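A short write-up of the structure that comes next.
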Amino acid sequence: MTDWNAIGIVLALVIPLGAMGGIWLFHGRPEQRERVTLVAAGLLLLVVLSLLPSVLAGLRPEWVFAELFPGIAIAFRVEPLGMLFALVAALLWPINSVYSIGYMRGNNEPHQTRFYGYFALALFATMGIAFAANLVTLFVFYELLTLSTYPLVTHKGNDAARAAGRVYLGILITTSIGLLLPAILWVWSLTGTTDFTVGGLVGDKLQGPWLGLLLFLFMFGIGKAALMPIHRWLPAAMVAPTPVSALLHAVAVVKAGVFSVVKVIVYVFGVDSLHAVPAASWLLYVAGFTIIVASLIALRQDNLKRRLAYSTISQLSYVVLGAAILAPVSIIGAALHIVAHAFGKITLFFAAGSIYTAAHKTEISQLRGIGWRMPWTMTAFSIGALSMIGVPPAAGFISKWYMLLGAFETQQLFAVGVIVLSTVLNAAYFLPIIFTAFARPAEDDPAQHGEAPRPIVIALACTAGLTVLFFLFHQVPLDLAGQLVELPLSDDFQPNGSQPYVPPSNIPQALP
Amino acid sequence: MSLGTAIAQNLPALQVVLPLLAAPVCLLLGRGRAAWAWATLVAWLGLLISLALLLQVSDGSVLRYAFGGWAAPWGIEYVVDRLAAMVLLIVSLIGALVLSYARHSVDAEIDADRQPLFYTLLLLCLAGLLGIVITGDAFNLFVLLEVSSLSTYALISLGRNRRALTAAYQYLVMGTIGATFYIIGVGLLYMVTGTLNMADLAQRLPELAHLRTVKTAFAFISVGLALKLAMFPLHLWLPNAYTYAPSVVSAFLAATATKVALYAMIRMFYTVFGAPFSFGTMHVEWLILPLAAAAIFIASVVAVFQHDIKRMLAYSSVAQIGYMLLGLGMVNLTGLTASLLHLFNHALMKGALFLALGAVVYRIGSTNIERMGGIAREMPWTMAAFVVGGLSLIGVPLTVGFVSKWYLLLGAMENGWWPLVILILATSLIAVVYVWRVVEAAYFRARPAGSAPVSEAPLTLLVPIWLLALANVYLGIHTRPLIGLAGSAAADLLGVGP
């Protein structure tokens, strides 16, 4: 059993890496090349799913690749939060691949082999982040994810793409080397280990303001979480083809950021030790500020992808906020929001790309009446938007609910206020789009167009379906998130009869 | 005595004598491939000898070889310990790879009738560098330093650009001053101790440490070697020398020459004068640290503004030497380990980078960043290797650059020198900028108007480039052997434990 789990980790890393090789190999033969991507994506999903039962049963599969320095290894360990993150990425990769094929061909994009190759490499890095057992491994794959997505961001190769690539790389590398690496070194010099440890590492080693400073280094070092004022790389990354924005800059890359934030708060600081330190409470306010201000900026964007990007910045800070509230329930909310936002936001980006492919429109003001021409796309868009606002029956409601519960439980009225106000703002920037698309009369558009190519429609219908299904069936993610915060109480967590256990076979049923 | 045992017993001598005696043979072999093939064969044999020596001393034993059977301190003694074996290995490894690479590159850059001379000089330079590392005699070190230096001056002057002549002349003046300072220092030591053998000197110097003569000798030797290793601000000869030398020579020098001079400095500070004198009495670290910090920062910034990529890498080398000196100046085990690691690792990364540039020169005849626009589309393998080397230079995890930076950071933290931690991280970011300029130009710009299409470099160039590039990654993952070697060599120097 344990053996299989270790093999599972290896496979989860090898499959995307092998896919990259296969994709280069079939350069110039698009049919086979796309088949490599799809097969690899399907296999990865199966492998990640195969790890799920043992993680739910309390096991923590491990695999050590190499020891870099005495005491520091490139090692992997599947814990609940990583499982959840890997599951989301692995679930959305096949769907996104179907979408990519439709989009890249529909738009006659050049350099498709490079595109799919680096995409697979980015998934490899994502799996590494999800399963990282210590800070150094996390850092290695975090940097790899930055580097592997750079060619995707600059895919178009024009001046705008190059300038955006510079911002992208500049901010992400500067923060990670300048702040995250010293933070890791600091932890190592204090404790002699960087392993993620239940209950935290530094709680009893650092006091007061120093803990606040270390938290600062980590939170702003993890630039992928896009806390203000280091969020600019995310709108810049929107020059990439839409499938990149959809899977990487709404799911893999940004979620790697907030995932690391939650992981650091839970496993490096320890919730209890942060609770006791007033100097660490600034995070709540920075997250709240980011949520509100990013929403306000989103309100003013006419470019659809830019509005979605600022919405992402705002939604990412929900996860940070959920973790910063430091109540177990709100951390469950944060973990669930990683999933819920992923499903919703990928749907929204799919829709944006669908509109671009079919109608070549990028601005919200051009979308009048488009809902009747592209009913599938705009219905899916509406579901995604409802999830962002947090209206049932969409996924966003669940996670917001848990965060609100946590905020009330700990009497954090500031957090409650932020969540309520941002819900209003979310509604204010999403509902007008839906209104424009369905209720306004269409312009005289010489270019008659209908729905986008079929792969695109299939993909966005799938993710919209997932958004609703998550509202109905979220027992598995909830169990995983529950283990995340329960673990400090009992280290040798064992399953028992009363534990609600949903067999993992529920998840594939949600797939096409 | 069979031939096998004779060779085995005389390995330390063969390490130096083989390339030294093989060098003139190149001249006799005349024009054509023969000279190259001979030099390459000798370089690979040298690598085998280095490996054999490393195996013999890897358990911590010290190999002492009395030259010509004359016992020290009258005769010249060769000494191989773990530190020497490690530096011998990297020098002969780079020598073997660079010579394997040389044929096409030299054909393109050097007139056919000068090629035998070129290989002669390269082998002489190799012999000199290996000799500096292996010798246990302070005066012999000077002789071998001159062997390597004189051949280097001539090698640089073989560059195609006429400015290579002034570069070589500049280096000749500075190098000669350095060597003179060194020999003055050695002379002063001989005056008070009556010996030139390093082990002997180390024994006699502690009781003479109060003498002003010894202190003066220390100052002369430090400055002399600082010139040879291009310690800021004595680095002025280096950028021109690296820029205008033939590609093969740039790669060879960048990867070995300054490292060997640094090795000599470490030997002098730790083995001859001893850490208590060098750091306790003379406080040489107070001189080294600020200069190293300045080198790292200023040279990194200057590198960003270079148009010629070879020149950019040359300034980067000045900064990287700064890192090594920084580790040396920390005067703790971790710092010294970092310094030795970086000495080895920097040879791997700069070797890969300069060889990749050599392939670019081979195809387009220039390393100007404008002329290199879009080159990655036509030479994907070459530029991919450049990216790997560049990532290692930045210190990205899973490359050797990360390993040495990690130890450097730990050493700084051990001393509680937080500003240095910030400096190291900040300059890593500057390295990102200068490496990325090249990547952006090579991958995103269009080929300059009017430039003829070129094809990928031939395999004989690509294989050595990629061997070095992959070594950067392989040793960045399997770090244990190298860390073990550098760590134990540093422990030997500090006289602490195994």
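Just so we're on the same page: letters track the sequence lines, and every chain starts at 1. Nothing here was measured: the structure is a model prediction, and the numbers come from that model. The figures here come from the full heavy-atom set of this structure, side chains too, leaving out hydrogens, waters and symmetry mates.
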Interatomic spacing from CD1 in I173(A) to CD1 in I394(B) - rounded to 0.5 Å | 7.0 Å
Whatever's closer than 4.5 Å to a heavy atom in chain A on V433(B) counts as neither
For atom CZ of F297(B), decide whether the heavy atoms of other residues, nucleotides or ligands shown that lie under 6.0 angstrom number more than 12.
-> no
With a 4.5 angstrom heavy-atom cut-off, which part of I422(B) approaches chain A: side chain, backbone, both or neither?
-> neither
Between chain B and chain A: donor-acceptor pairs at under 3.5 Å:
residue: W436(B); atom: NE1; partner: Y150(A); partner atom: OH; Å: 3.2
residue: E440(B); atom: OE1; partner: R166(A); partner atom: NH2; Å: 2.6
residue: E440(B); atom: OE2; partner: R166(A); partner atom: NE; Å: 3.0
residue: T479(B); atom: OG1; partner: L68(A); partner atom: O; Å: 2.0
residue: R480(B); atom: NH2; partner: E67(A); partner atom: OE1; Å: 2.3

Could you state the interatomic distance from CG (L181(A)) to CG (L429(B)), rounded to the nearest 0.5 Å?
-> 9.5 Å
Check P397(B) against V140(A) and note the closest heavy-atom contact, atom names and distance.
-> CB-CG2, 3.3 Å
Structural part of I477(B) lying under 4.5 Å from a heavy atom of chain A = both
Most contact-rich option vs chain B, by heavy-atom pairs under 4.5 angstrom, among V136(A), L169(A), I74(A), is L169(A)
Which value, rounded to the nearest 0.5 Å, describes the distance between L425(B) atom CG and L185(A) atom CG?
-> 7.0 Å
What part of V432(B) gets closer than 4.5 Å to chain A, counting heavy atoms only: side chain, backbone, both or neither?
-> side chain
Is it the side chain or the backbone of L147(A) that comes within 4.5 Å of chain B heavy atoms, both, or neither?
-> side chain
